[in-house]
Each structure stands twice: as structure tokens, then as C-alpha cells.
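Have a look at the structure below before the remarks.
Letters go in sequence order (proteins before strands), and every chain restarts at 1.
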Amino acid sequence: MNNRELSETFTLIANLLEIKGEVIYTTLAYRKAAESLLALAGDVNQLWKDEKLREIPGVGKSIAEKIDELLRTGKLAFLAKLEKEVPAGLAEWLQVSGLGPKKVSLIWKELGITTLQELAAAAKDGKLRTLPGMGEKSEAQILRGIESLSRRSGRIPIGRAWPLARQIIATLRKLPGVVAAEPAGSLRRMRSTVGDIDILVASRDSAQVMETFTMLPGVMEVRGKGETKSSIEFADGVRAQVWVHPPEKFGTALQYATGSKDHNVQLRQLALDKGLSLSEHSLAKTDGSGEVLCATEAEVYAALGLPWIPPELREGRGEVQAARAGTLPTLIEVKDIRADLHTHSTWSDGKLSMIDMARAAARRGIKVIAFTDHSLSLGMVGGLTIKGHAAQAAEIAAIQRELGDSILVLHATEVEIKADGSLDYPDEFLATLDLVLASLHTSLGQERDKVTKRLLQAVRNPHVDIIGHPTGRLIPDRPGADLDMDAILKAAAESGVALEINASPFRLDLEDVYARRAMEMGIPISINTDAHSEADLDMLPFGVAVGRRAWLTAEDVINTWPTEKLLDWLKRRGA
DNA sequence: GCCGTTTTCGGCCCGACTGTTTTCAGTCG
């Protein structure tokens, strides 16, 4: 079992315990452990072998024993017993909006049904309204919830959530009386996927904001509408919330709503140490002698004796300690990027010719562009033969003369790492290119050992400069190869190859936790757009955001280096 | 069930909103 599978197992346990009616803190403990497992930067199997499971936050004696049992036997007696008491199918019901553990348990026990289909039928037949505490409205809400569930497909890629959020915010900012409107939650922290869109507004006229918000075009359902908070769902299942606070409280409110939960817990603790109680509304003195209102986040952090912490760092991964110690990194910014080392042209599956692509990149301030068209075996996208490369090289020489020094064009390749681990071109040919980026696209479902060994071959090939989108994941549908990331990082540190953060919002691969470990191990990072069109070039901020979440400074990312330094690095490699 | 520079016991997530209520329970973020 890998980190994700273990995490899902503990989430299931938490859900079943909740329906069973276990004390809330027990289920919270399982959820916390599940989250930690998912966010883990290393392989849980390695921690298990090293007997270090207890070092995972939220994993104590009991959960460590359960992980041990799962990894040894693939089964868990505790879960089997639990499933005898509570049918596992009920866990799914919790995703129906309007249904919580109490109602699930009530419906199950009173009506004796366990599947989502039976639940829908019971609601349609008017059976739910016969239960205590439930009426026609609850019944209708549950029916809508089931429909909404079939519309929704899990978490929303940030590439989809962000443009929608910008639109909503722009609309709200135009309203009279609105002083500020900002994204919050995981969207503001720039997580690669978000559960929903959270927006915070500073205004004294809450009614008008709520009116506008709930009447936005495309709204399918108003899930709630109050004075301080409203919630909507769009036709495609995306949900959005807005909170309205008076301007003088906007700082504490935005800080609170941005999270993460772990970050806020640590901040509240720090506040308590200073005799302050931090809430959504204010910083109150715990002795009751008054409260401080904060209009900006900077004031909140300053009151706690901290510099403002960028939202991307607020994951409870040491940023509060770093802020206290004055050692927060100066995070990389989009404007620091001057090279795009992974792009496609019409030589393979790109939409634009090289010169059009180079010009589009130059207009965006890019000084070096590498064309990494696909290699031979990726036939369906028109991979290049070696002969084709000769023709591409000639074209590059020609367009370089035309482009002058506005942008430097590198002749490169995205060479396929084949199922057996060999590369698609011979080493002698790779040695002739300016840059070699090697990627996995096929056979991603291989066993961990096999797929890891396969990638290791590419990591150790001296001609390979960058490993493109290392796991091959696609958000939100494909989880990516089950790599032993500890082994990959170790090998990368030895070989000096760069690992890519692919900026496509549907890849964002490496993930932040691995990128951070790579940086700590001294592995160079490369942030690239993997652009197949002009619009793709504008996805760069999503890749930079992953870098910021990984605590990267500009120096850690080869795309920020002066051209001479970058070319030197490329020359030293691949010899 | 986890955790600890005040605690090995007693805190942890609390406030807004909705619906079915008749003063509150359940859900949600």
C-alpha cells in the first residue's frame, strides 16, 4: 500500500466511526492521520521499515499499529470489525450535502437501507420526511445533494477554479461599498486542487454583496444565504462561498479564512502565549481587557511579533517557527523566471510554429526558450525522427537570425523514457542537443519497483538535463506513477539532474512536498510551462506557485539563472 | 486517538446557517 491508499483507508475508518457515533475527537484523530499520510513527503513504507511511523504528525501508538498491520498483511482486523457494525457503503452518503453522520445513522437504522440508490428512492417516495427531525425540505435537499454529487467530480483543479474566482472577485469589487475582495482558503494558498472557491469581502453593505453573489450567471443553486456568509453551486458542480466582514475586521477574517487549519492552530497557540485570543473577528486580550481589530493581515502577524507570511507557506510545515526566527525564505516570483525549458511546436503536437512560439514567449519577458518536441516512440503526437531533428536544427538556426537577441532558442527534446527504462534516442544523438528533457508518458501503471528503476535509469543518464513532470500525474483523473520518491531524490542528488515542476495546472508535477525535499537536498529545480499553445505560456504562475509552496527561492530554480550560467550548467552536463 | 517549554489528563472546532423546532439539533466550513 502507498501513502494515498493508507490515507483513504483511515478516511474510511473516520467516516464509519462518525456514523457509528464515536466521540468526535477520535474521528478527528483518524482524519488528521489520513491528511498527514497524504501530505507526507517520503514513502510511508520507508518510515515503516525504519520504525519511524510515530514521527508522522497525528500518528500515535494506535494508528501506528494499524499502519503496521496494513503494510504487513494488507488487511486490518479493526476495519473488518467496524464494517460488520456499519456498512461501508454508508460512508459515501456523507458526501451528500445536507447529510451528516447523525442523519445517515438515523436513515440507515430506521429504513434499513445502505446504498445511494436506495437513499434516492426513499427520498423520492417521501419516506424520509416520516423520520423525526426531517421534513419535506430536508428530503428535497438530500435529493438535490445526490444529484449534485453526480455532477461533481471531486476536487477542482486550480487551473479551473482560479479564472472563475477572478471573475467573481472582479464583479464584487465593482459594487459600491466594497472595500476589498480577495480569494481565501486553499485557493489563496495555491494548492493544486481546491474543494471549493472561498472569497472574502470587506464591506458594510452585506445585503448587496449577497444579492449579487447569489445572482451570478451560471448559478444552479443557492445553498445558503445569510448576512455574513452565502454559498452557491454552479451548473458544473463547482461551489463557491463568500463571507462579508466589516473593513476594520478584514485582516483577522482573511487570515482565518485562508488557513490552513494547521497554520491557524499554531498561530492561535502563539497568540495565547502572548495573552491574546485570535479569532475570525479580532485579537482579544485573554484577561478581557479589550480587543485589537485588524484591517490587514500584516497587522495580525505584526501583533503576534511576526512578519507577514505568504499564503503559499501557510501549511503548518515550519513556517511559523521560521517567521519567529526571521528565516522565512524570499520566495521565487513569476518575474524571476527568464527561461522556459519545456515547450512544444508544430514539429510535434504544439499548435504554433517555433518562431511564433518564441515571439509569444519573448513578449512575456522570456529570454531563453527550449523546444522539447516529442521523441519518436510517442507516435500519436508526431514524435521526431533523428532526421527530423536535423531539419528542426536548421530551422532554429534560421529563426534565431530573425529573432536576434530578443530570445535565445535551444534545440532540445522531450525524450520518452520507454517502458523498459531505455531512452528513445541513442546517447550519441542526445549528446548533440542543447538540452535533454526526459519524461514518462506511457505504462504509468507499472509496479513501484519497476517504474522506479525505469525512471532511475533516466536520472542517471549523464545526457539527461531535466526530468519532466516526474510522476506523470494528471489532475484530477490520473494519480501518476507509484514512484519510490526517496530513491529518485537520492539518485537525482547524486547525478545532479534537475527535476521539473510542470506548470500546467493539470500536471503541477513535482508536487510541492517533493519539490521542497529536492531543494533541501540541493537538487536543481526547473519550472516550465510545457506549453503547446500561446495560452499555455500564461500558466507559468501555477508552476511558480508550487515552487513557492515548496519554499523555493529564485536561486533554487535554474530558469531564473542568467543565460551564461544556465548554458554553463548545460554544457557541464551531458559531456 | 493524539499530544505536552504551564498538563501523562484534559484539551482538541466553533460559529453561522437551515430546518423543524417551540428553544434546538444537525450540518458545514
Quote, to the nearest angstrom, the [atom1] distance that separates [N] from [M].
| N | M | atom1 | value |
| --- | --- | --- | --- |
| dT8(B) | dC24(B) | C1' | 37 Å |
| dC9(B) | dC14(B) | C1' | 23 Å |
| dT5(B) | dG1(B) | C1' | 24 Å |
| dC13(B) | dG29(B) | C1' | 11 Å |
| dT20(B) | dT27(B) | P | 13 Å |
| dG26(B) | dT21(B) | C1' | 12 Å |
| dT7(B) | dC12(B) | C1' | 14 Å |
| dT23(B) | dC28(B) | P | 25 Å |

Under 4.0 Å between any heavy atoms, over every strand shown, what does [X] touch: base, sugar-phosphate, or nothing? Just pick one.
| X | answer |
| --- | --- |
| Pro101(A) | sugar-phosphate |
| Glu280(A) | nothing |
| Val23(A) | nothing |
| Ser97(A) | sugar-phosphate |
| Leu28(A) | base |
| Val96(A) | sugar-phosphate |
| Ser62(A) | sugar-phosphate |
| Lys261(A) | nothing |
| Arg268(A) | sugar-phosphate |
| Glu22(A) | nothing |

With sequence neighbours excluded, what pairs up with [X] under the side-chain contact (heavy atoms from CB on, under 4.5 Å) test?
| X | answer |
| --- | --- |
| Lys229(A) | Trp243(A) |
| Leu28(A) | Ile24(A), Tyr25(A) |
| Ala91(A) | Leu12(A), Asn15(A), Leu16(A) |

Salt bridge (charged side-chain N to carboxylate O under 4.0 Å, His left out) contacts in which one or both residues fall within residues 192-211 of chain A, not counting sequence neighbours: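 Pairs touching residues 192-211 of chain A that pass the test: Arg204(A)-Glu248(A), Glu211(A)-Lys225(A).
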Using heavy-atom distances to pick each residue's nearest nucleotide on DNA chain B, tell me which of Asp196(A) and Lys137(A) is more 5'.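 Its nucleotide being nearer the 5' end, the pick is Lys137(A).
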Starting from the 5' end of DNA chain B, give me the residue, Ala64(A) or Gly133(A), whose nearest nucleotide shows up first.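 The 5'-side residue here is Ala64(A).
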Pairing nucleotide - dG10(B), Watson-Crick or G-U, each distance under 3.5 Å: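 Pairing partner, where one exists within any strand: dC3(B).
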So where does chain A start and stop touching DNA chain B, 5' to 3', when the test is distance under 4.0 Å to a non-hydrogen atom?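 First-to-last contact on DNA chain B, by the 4.0 Å heavy-atom rule, is dG1(B) to dG29(B).
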Salt bridge (charged side-chain N to carboxylate O under 4.0 Å, His left out) involving Lys102(A) - partner list, sequence neighbours excluded: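 Partners of Lys102(A) under the salt bridge (charged side-chain N to carboxylate O under 4.0 Å, His left out) test: none.
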Flag, side chain of Thr252(A) to backbone of Glu280(A), donor-acceptor distance under 3.5 Å: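 Checking the backbone N and O of Glu280(A) against the side chain of Thr252(A), a donor-acceptor pair under 3.5 Å is found.
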Backbone N or O of Arg548(A) within a donor-acceptor pair of the Glu312(A) side chain at under 3.5 Å?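 It does not hold such a pair.
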Report yes if the side chains of Met485(A) and Arg517(A) come closer than 4.5 Å at any heavy-atom pair, otherwise no.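 No, side chains not in contact.
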